[in-house]
Asker: 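One structure is given below, represented as structure tokens, and several questions about it will come after.
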Amino acid sequence: MSGSGLSDADVERQIKQMMAFIEQEANEKKEEIDNKAEEEFNIEKSRLVQQERVKILEFYGKKEKQTELQKKIQHSNMKNDGRLRVLKARDQHLRDVLTETTQRLREIVKDQGKYAQLMEGLVTQGLFQLLEPEAVLRCRQADVHLVERVMGAAADRYKRETGRPVKLQVDKQNFLPPDSVGGVDVIGRAGKIRVCNNLESRLEQISAQMVPELRYILFWRQSQPQVHGLRRLILMCV
């Protein structure tokens, strides 16, 4: 080679320098790509992790709400069940009081003196409610003679207080049930009007009217509630 040209050694050196430069550029580019890929990977990983975390929180949040709702429903059902049991127990207690009242009334009916006085009052009261010139008295078959005995006094009292006479007749074809407690039904206008003054009907009507008072006496009063309730019902019936 001439003195002005590059020697083979120079050319080879320059080629090596160029190759080293290209290799360096490639390594730097590769590193840049790797870093960018790792960065994007981390970002995507964080996004996915956060996304899954949100899903997990939502899932357990729903589960917690469902559990809380189930607890509230269960608690409400338990309260309702307890309230129903209390109401059933109170209703049963009221029925027991009515049953015992009926038994006490049967004891009163066994006393002929008291029962005659009671029957006269029941007939008289029925006449005042009926206000008719004629009436038929319906009672138990066992009470026919008793009603015949007291109906004259009842008619006299009715006439004294109203100024109206009344004709009374005992129904000897139709009777109150033999197992009933007693009392009398006063019937007018050929059966079109009926005053139910038998003791079962009076007890049923009075107990229905007195339910709030009976509940107070039986469940809120502290001093012998059942005794007070029974006495109140019996007095109202007779």
Asker: Give a yes or no on whether Arg106 atom CZ has more than 12 heavy-atom contacts from other residues, nucleotides or ligands under 6.0 Å away.
Answerer: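 Yes, CZ of Arg106 has more than 12 neighbouring heavy atoms, counting only those of other groups under 6.0 Å.
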Asker: Measure the CD-CD distance between Glu39 and Glu44 for me, rounded to the nearest 0.5 Å.
Answerer: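 Rounded to the nearest 0.5 Å, the CD-CD separation comes out at 13.0 Å.
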Asker: Tell me if a side-chain donor or acceptor on Glu200 pairs with a main-chain N or O of Val181 at a distance below 3.5 Å.
Answerer: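 Indeed, once roles are kept as given, a pair shorter than 3.5 Å links the two residues.
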Asker: Are Glu132 and Val166 side-chain neighbours, meaning at least one heavy-atom pair lies under 4.5 Å?
Answerer: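 Counting from C-beta outward, Glu132 and Val166 never come under 4.5 Å.
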Asker: Taking the side chain as every heavy atom from C-beta outward, state whether Leu199 and Leu118 have any pair of such atoms under 4.5 Å apart.
Answerer: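 With C-beta onward as the side chain, the pair touches.
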Asker: Do Leu168 and Ile187 belong together in a cluster built from hydrophobic side chains that touch within less than 4.5 Å?
Answerer: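 No.
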Asker: Quick check: do Tyr115 and Ile108 have side-chain heavy atoms less than 4.5 Å from each other?
Answerer: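 In short, these two side chains do not touch, never coming nearer than 4.5 Å.
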Asker: Assess whether side chain to side chain contact (heavy atoms under 4.5 Å, CB included) is satisfied between Gln24 and Glu28, documenting all intermediate values.
Answerer: CA-CA 6 Å; Gln24 184 178 354; Glu28 290 177 356; 3.3 Å; yes
Asker: Is it the case that Arg47 and Gln51 place a side-chain donor and acceptor less than 3.5 Å from each other?
Answerer: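 Yes, side-chain donor-acceptor contact under 3.5 Å.
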Asker: Please answer: with hydrophobic residues joined when any side-chain heavy atoms are less than 4.5 Å apart, are Val147 and Val186 in the same cluster?
Answerer: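 Yes, Val147 and Val186 fall within the same hydrophobic cluster.
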Asker: Examine the side chains of Gln74 and Gln70 and answer whether a donor and an acceptor come within less than 3.5 Å of each other.
Answerer: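 No, Gln70 and Gln74 have no side-chain donor paired with an acceptor closer than 3.5 Å.
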Asker: Got a sec: does the CD of Glu38 have more than 12 other heavy atoms crowding it under 6.0 Å?
Answerer: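 No, not enclosed.
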Asker: In plain terms, say whether Lys55 and Glu52 are close enough for a salt bridge, that is, a side-chain N and a carboxylate O under 4.0 Å apart.
Answerer: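 A salt bridge links Lys55 with Glu52.
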Asker: Please examine the side chains of Thr162 and Phe128, heavy atoms only from C-beta on, and report whether any two atoms are closer than 4.5 Å.
Answerer: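 Side-chain contact under 4.5 Å: yes.
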Asker: Assess whether a salt bridge exists between Arg157 and Glu161, defined as any Lys/Arg side-chain N lying under 4.0 Å from an Asp/Glu carboxylate O.
Answerer: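 Glu161 and Arg157: salt-bridged.
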Asker: Sub-3.5 Å donor-acceptor pair from the side chain of Ser46 to the main-chain atoms of Asn42, do we have one?
Answerer: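 Here the side-chain-to-backbone pair exists.
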Asker: Step through the shown structure and confirm whether more than 12 heavy atoms of other residues, nucleotides or ligands are within 6.0 Å of CD on Gln117.
Answerer: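 Counting other residues, nucleotides and ligands, CD of Gln117 stays at 12 neighbours or fewer.
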Asker: Any chance CD of Glu31 has more than 12 other-residue heavy atoms, nucleotides or ligands included, within less than 6.0 Å?
Answerer: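 No, CD of Glu31 has 12 or fewer neighbouring heavy atoms, counting only those of other groups under 6.0 Å.
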Asker: Do you know the tightest heavy-atom contact between Leu176 and Gly183?
Answerer: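 Heavy atoms only, the tightest pair is CD1-O, 3.6 Å.
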Asker: Going by heavy atoms in the side chains, are Pro178 and Arg140 under 4.5 Å from each other?
Answerer: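 No, side chains not in contact.
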Asker: In Å and rounded to the nearest 0.5 Å, what is the CD to OH distance from Glu58 to Tyr60?
Answerer: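 One finds 13.5 Å between CD of Glu58 and OH of Tyr60.
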Asker: With heavy-atom distances below 4.5 Å as the criterion, would you say the side chains of Asn198 and Arg202 are in contact?
Answerer: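 Contact flag for Asn198/Arg202 side chains = no.
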Asker: A side-chain contact here means heavy atoms from C-beta on lying under 4.5 Å apart; do Asp185 and Leu137 qualify?
Answerer: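 In short, these two side chains do not touch, never coming nearer than 4.5 Å.
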Asker: CG/Asp143 to CZ/Arg149 distance, rounded to the nearest 0.5 angstrom?
Answerer: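 The CG atom of Asp143 sits 10.5 Å away from the CZ atom of Arg149.
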Asker: Distance from Asn197 atom CG to Met119 atom CE, nearest 0.5 Å?
Answerer: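 That separation rounds to 10.0 Å.
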Asker: Take atom CD of Gln141 as the centre, draw a 6.0 Å sphere, and report whether it contains more than 12 heavy atoms from other residues, nucleotides or ligands.
Answerer: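 12 or below, so no.
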Asker: Verify the cluster assignment for Ile15 and Met18: are they in a single hydrophobic cluster under the rule of side-chain heavy atoms below 4.5 Å apart?
Answerer: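 No, no single cluster joins them.
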Asker: Checking the side chain of Thr67 only, and the main-chain atoms of Lys63 only, is there a donor and an acceptor separated by less than 3.5 Å?
Answerer: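 Yes, Thr67 side chain to Lys63 backbone: donor-acceptor pair under 3.5 Å.
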Asker: At their closest point, which heavy atom of Ala135 faces which heavy atom of Leu127, and how far apart are they?
Answerer: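 Taking every non-hydrogen atom into account, CB-CD2, 4.0 Å.
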Asker: Enter the distance from Leu105:CG to Glu100:CD here, rounded to the nearest 0.5 Å.
Answerer: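 Here the rounded value is 11.0 Å.
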Asker: How long is the span from the CD atom in Glu40 to the CD1 atom in Ile33, to the nearest 0.5 Å?
Answerer: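 Between atom CD of Glu40 and atom CD1 of Ile33 there are 11.0 Å.
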Asker: Is a salt bridge present between Glu107 and Arg104, judged by a nitrogen-to-oxygen distance below 4.0 Å?
Answerer: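 Answer for the salt bridge query: no.
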Asker: I need the minimum non-hydrogen distance between Pro165 and Gly163, along with the two atoms involved.
Answerer: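 In terms of heavy atoms, the two residues are closest at CD-O, 4.1 Å.
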Asker: Is there a path of hydrophobic side-chain contacts, each under 4.5 Å between heavy atoms of I/L/V/M/F/W/Y residues, joining Val11 to Met19?
Answerer: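 In one cluster with Met19: Val11, yes.
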Asker: What I want to find out is whether Asp156 reaches Lys159 closely enough, with some N-O distance under 4.0 Å, to be called a salt bridge.
Answerer: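 Salt bridge flag = no for Lys159 with Asp156.
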Asker: Is the shortest distance from a Lys or Arg side-chain nitrogen in Asp171 or Arg138 to a carboxylate oxygen in the other one below 4.0 Å?
Answerer: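 Result for this pair is yes, salt bridge flagged.
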Asker: Applying the 4.5 Å side-chain criterion to the ILVMFWY set and letting contacts propagate, would Val150 and Val144 be lumped into a single cluster?
Answerer: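 Yes: a chain of side-chain contacts under 4.5 Å links Val150 to Val144.
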Asker: Is there a side-chain contact between Tyr158 and Val123 in this structure, where contact means two heavy atoms from C-beta onward sitting under 4.5 Å apart?
Answerer: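 They are not in side-chain contact.
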Asker: Can you tell whether the side chains of Lys30 and Asp34 come within less than 4.0 Å, N to carboxylate O?
Answerer: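 A salt bridge links Lys30 with Asp34.
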Asker: Salt bridge or not between Lys16 and Glu12? Use side-chain N to carboxylate O under 4.0 Å.
Answerer: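 Result for this pair is yes, salt bridge flagged.
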